Amino acid sequence: MIDIAILRTDPEALKASIARRGLEMDIDALGELDEARRMIRIEAEDLRAEQKQSGKAIAQLEGDERQEAIVSASRIADDYKAKLAKADELDAQFDEQWIRIPNIVDDSVPDGATEDDSVEIKRWGEVPTFDFEPRDHRQLGETLGMIDTERAARLSGSRFGYLMGPAVFLEFGLVRFAFDRLAERGFTPVVPPLLVREQALFGTGFFPDTEQQIYKLADDDLYLVGTAEVPLAGIHMDEILAEEDLPVRYAGFSTCFRRESGAAGRDTTGIFRVHQFDKVEMFSFCHPDRSSDEHEFLFETEESIIQALELPYRVVNVAVGDLGGSAAKKYDIEAWFPGQDRFREITSCSNTTDFQARRLKVRFKSESGNALVHTLNGTAIAVGRILLALMENHQQADGSILIPEALQPYVGFDRIT
RNA sequence: GGAGGGAUGGCCGAGCGGACGAAGGCGCUGGUCUUGAAAACCAGUGGGCCCUUUACGGGUCUCGUGGGUUCGAAUCCCACUCCCUCCGCCA
């Protein structure tokens with residue numbers, strides 16, 4: 001949710017941001033609705049004040065005087081209830097639209113409606129050249145006994161996989177590797193709940209927006225999270241943090257569940273795009289003046305991890321059309337995948353400014369009063385994708401895979417054969 | 001799953017229909033005292049929305065959440081959520 005002040009004081013800026021996202025919303029009408037509901041609310045509150053005054057008077061009266069006062073007070077009470085109902089109704093109308101307004105887009109975000117409009121801002125590493133035909137992760141995974149999608153399909157359907165043998169040691173090695181690096185940088189490690197209430201998804205901006213992507217339990221009002229961002233963001237819900245404690249940083253491990261309902265036919269090979277994968281996610285609550293720097297910090301942390309894994313990558317500043325509703329700005333790291341002969345997303349780092357903080361009511365106390373924090377999130381290790389990138393980039397002519405030096409102590413071997 | 005108990009401000013805790021945004025204590029902040037600190041004493045100390053147009057101002061909401069009764073609800077009623085204790089089950 002964005003600051004309502006912008007609707008009242010600078011509706012043109014709001015219109016511009018919405019237009020950049022390619023959305024159509026009647027901001028003028030929304031402004032009028034806001035005006036109208038405030039008028040009604042003021043009338044209701046005035047009546048309420050009158051009612052409270054007369055209520056206090058009644059307590060002092062006796063006999064007929066008291067009876068008359070009660071009759072007159074009950075008229076005020078009726079008027080108040082009517083006005084209040086009207087005010088509540090207008091609020092509900094307003095809120096329904098207001099919660100759908102996405103975050104104000106940062107000026108540095110490129111225009112464009114799709115992934116292809118994102119702007120490459122950096123490249124790192126050498127795209128590997130092979131003196132043999134490189135295999136894709138599916139072939140490698142099968143040959144080396146690391147990935148089995150056929151058997152997984154038998155019991156769970158498409159977009160599932162068994163990780164087996166060396167892949168398991170790689171997974172847990174990667175997770176520990178990430179936590180060690182993040183702990184060094186001041187992130188508190190967390191294993192959060194993965195089943196959450198609707199409120200947590202609303203607070204992070206996934207509702208109402210991406211319901212079709214999220215698994216809901218049939219018998220309980222709980223949802224499976226698609227990222228640890230959700231439970232990490234909720235840690236300080238309804239809290240007022242101390243200014244000197246900012247930034248507060250967490251690193252959360254979670255299995256991520258995604259329905260991929262809109263992705264039919266895309267990335268159907270192997271386990272590149274699956275319904276379930278594990279991830280270590282960074283999350284930051286920071287001072288609003290510092291969120292831009294914090295965004296760079298999270299992003300630089302991502303880079304240091306990918307670099308240590310010796311994966312060639314490029315960085316894109318994600319185009320406005322591909323930004324989530326809660327993000328003001330987003331950087332993706334895309335690793336080279338020899339099996340696909342192109343760069344593919346492996347991390348994502350967003351500055352959601354005060355959008356989530358407003359919904360989750362996460363504030364900090366400062367000398368000039370309480371204010372909303374800014375929140376940011378970034379991928380440290382998306383285990384599946386990193387696993388595949390490692391396999392494809394570090395494969396050898398003999399079909400084996402070399403483990404990057406930094407990771408060897410964590411997995412216990414230097415090559416998969 | 002069964003049986004009980006409970007949810008009040010940063011914390012503890014009183015209040016159980018009428019001036020309650022809420023006693024008291026603790027904590028915190030400022031002051032007095034002190035060479036300094038402690039103690040003691042004095043004062044202040046939740047959050048949201050809105051109006052006036054920013055002030056030493058005012059209104060309203062908020063006592064787990066949402067409804068209801070009433071002129072009036074922290075107090076009464078209903079539903080829900082969470083926590084605790086005991087039994088059963090269980091990694």
Side-chain angles (χ1 to χ4, degrees), chain A residues 1-10 30-99 191-203 207 216-217 219-223 231 234-246 248 253 255 285 288 354-373:
Chain A
M1 208 151 29
I2 64 171
D3 188 350
I4 203 162
I6 195 167
L7 174 67
R8 294 169 187 170
T9 62
D10 195 2
L30 200 53
E32 286 165 21
L33 182 55
D34 177 48
E35 188 67 22
R37 71 181 182 129
R38 281 152 76 194
M39 291 300 121
I40 295 285
R41 178 70 58 186
I42 289 167
E43 291 173 24
E45 288 186 1
D46 286 348
L47 280 169
R48 176 63 169 162
E50 204 183 325
Q51 184 197 26
K52 286 173 79 165
Q53 282 308 115
S54 58
K56 286 178 182 177
I58 286 169
Q60 306 297 326
L61 300 173
E62 287 176 16
D64 288 347
E65 267 191 321
R66 185 186 174 96
Q67 288 314 310
E68 283 168 28
I70 286 177
V71 168
S72 115
S74 79
R75 264 199 303 275
I76 299 171
D78 289 344
D79 290 351
Y80 167 64
K81 276 173 187 161
K83 279 288 186 220
L84 183 68
K86 182 67 181 166
D88 287 348
E89 186 192 323
L90 290 181
D91 274 358
Q93 277 177 32
F94 178 85
D95 290 344
E96 193 200 329
Q97 295 180 63
W98 189 247
I99 59 169
V191 178
L194 306 186
L195 289 169
V196 299
R197 296 225 184 92
E198 184 175 347
Q199 187 192 10
L201 290 160
F202 173 79
F207 281 0
K216 183 182 194 316
L217 297 200
D219 295 328
D220 299 275
D221 288 329
L222 291 169
Y223 300 81
I235 288 182
H236 293 300
M237 185 164 69
D238 287 323
E239 289 182 25
I240 299 175
L241 306 172
E243 187 171 19
E244 59 268 26
D245 289 342
L246 301 177
V248 179
F253 171 84
T255 298
F285 298 87
D354 61 11
F355 189 89
Q356 296 178 331
R358 182 168 290 106
R359 289 187 175 193
L360 293 165
K361 299 186 179 67
V362 185
R363 291 153 290 170
F364 70 97
K365 191 187 284 290
S366 74
E367 282 186 13
S368 53
N370 299 332
L372 295 166
V373 300

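Side chains included, hydrogens not; waters and symmetry mates left out as well; all remaining heavy atoms used. No experiment lies behind these values; they were computed from the predicted model shown. Chain A is the first sequence line, chain B the second, and so forth, proteins listed ahead of strands; every chain is numbered from 1.
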Between the side chain of A/R363 and the main-chain N/O of A/N370, is any donor-acceptor distance below 3.5 Å?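 No, A/R363 side chain to A/N370 backbone: no donor-acceptor pair under 3.5 Å.
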Donor-acceptor contact present, side-chain A/D220 to main-chain A/L222, <3.5 Å: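 The answer is no, because no donor-acceptor pair under 3.5 Å joins these two groups.
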Quick one: CZ on A/R358 to CD1 on A/I2, what's the gap to the nearest 0.5 Å?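 Rounded to the nearest 0.5 Å, the CZ-CD1 separation comes to 7.5 Å.
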CD1/A/I58 to CD/A/Q67 distance, rounded to the nearest 0.5 angstrom?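 Taking CD1 in A/I58 and CD in A/Q67, the distance rounds to 9.0 Å.
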Kindly give the atom pairs (protein nitrogen or oxygen, nucleotide nitrogen or oxygen) under 3.5 Å for nucleotides 69-72 of chain B.
{"unit_1": "B/rG72", "atom_1": "OP1", "unit_2": "A/Q51", "atom_2": "NE2", "d": "3.2"}

Under-4.0 Å salt bridge between A/D354 and A/R359: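 Answer for the salt bridge query: no.
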Would A/R197 and A/D221 pass as an ion pair if we require N to O under 4.0 Å?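 No salt bridge links A/R197 with A/D221.
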Flag the pair [X] / [Y] as yes when at least one side-chain heavy-atom distance between them is below 4.5 Å, and no otherwise.
X: A/H236; Y: A/L241; answer: yes
X: A/F364; Y: A/V248; answer: no
X: A/V362; Y: A/L372; answer: no
X: A/K361; Y: A/I240; answer: no

To the nearest Å, how far apart are [X] [atom1] and [N] [atom2]?
X: A/I76; N: B/rU60; atom1: CD1; atom2: P; value: 13 Å
X: A/K83; N: B/rU60; atom1: NZ; atom2: C1'; value: 16 Å
X: A/D88; N: B/rG68; atom1: CG; atom2: C1'; value: 15 Å
X: A/E239; N: B/rG10; atom1: CD; atom2: C1'; value: 12 Å

Integer angstrom distance from the [atom1] of [N] to that of [M]:
N: B/rG68; M: B/rG15; atom1: C1'; result: 23 Å
N: B/rA55; M: B/rU65; atom1: C1'; result: 36 Å
N: B/rU69; M: B/rC49; atom1: C1'; result: 27 Å
N: B/rA74; M: B/rU62; atom1: C1'; result: 11 Å
N: B/rG44; M: B/rC26; atom1: P; result: 16 Å
N: B/rG72; M: B/rA79; atom1: P; result: 23 Å
N: B/rC77; M: B/rC16; atom1: C1'; result: 14 Å
N: B/rC61; M: B/rU75; atom1: P; result: 14 Å

Name the atoms and distances for all side-chain donor-acceptor pairs under 3.5 Å in residues 68-85 of chain A, with sequence neighbours left out.
{"unit_1": "A/S74", "atom_1": "OG", "unit_2": "A/V71", "atom_2": "O", "d": "2.8"}
{"unit_1": "A/K83", "atom_1": "NZ", "unit_2": "A/E43", "atom_2": "OE1", "d": "2.8"}

Strictly under 3.5 Å: I want the nitrogen or oxygen pairs between protein and nucleotides 75-81 of chain B, one per line.
{"unit_1": "B/rU81", "atom_1": "O3'", "unit_2": "A/R197", "atom_2": "NH2", "d": "2.8"}

Compare side-chain N and O positions of A/K52 against OP1 and OP2 of B/rC20 and report whether any pair is under 4.0 Å apart. no
Does A/A57 or A/D46 map to a spot on RNA chain B nearer the 5' end, using the closest nucleotide for each? A/A57
Dot-bracket summary - RNA chain B, pairs being Watson-Crick or G-U whose distances fall under 3.5 Å, with | when paired to another strand: ((((((((.[[[..)..(.....]]]((((((.......))))))((((((.....)))))).[[[[[..)....]]]]])))))))....
Can we call the ring centroids of A/F207 and A/Y223 under 6.0 Å apart? yes
Show me the side-chain donor-acceptor pairs of residues 44-55 of chain A shorter than 3.5 Å, one per line, residues at least two apart or across chains.
{"unit_1": "A/R48", "atom_1": "NH1", "unit_2": "A/Q51", "atom_2": "OE1", "d": "2.7"}
{"unit_1": "A/S54", "atom_1": "OG", "unit_2": "A/E50", "atom_2": "O", "d": "3.3"}
{"unit_1": "A/S54", "atom_1": "OG", "unit_2": "A/Q51", "atom_2": "O", "d": "2.9"}

Using a 4.0 Å heavy-atom cut-off, write out nucleotides 47-56 of chain B from 5' to 3' as B (base contacted by protein), S (sugar-phosphate only) or - (no contact). SS-SS-----
Closest heavy-atom pair and its distance - A/I4, A/W98: CA-CZ2, 3.6 Å
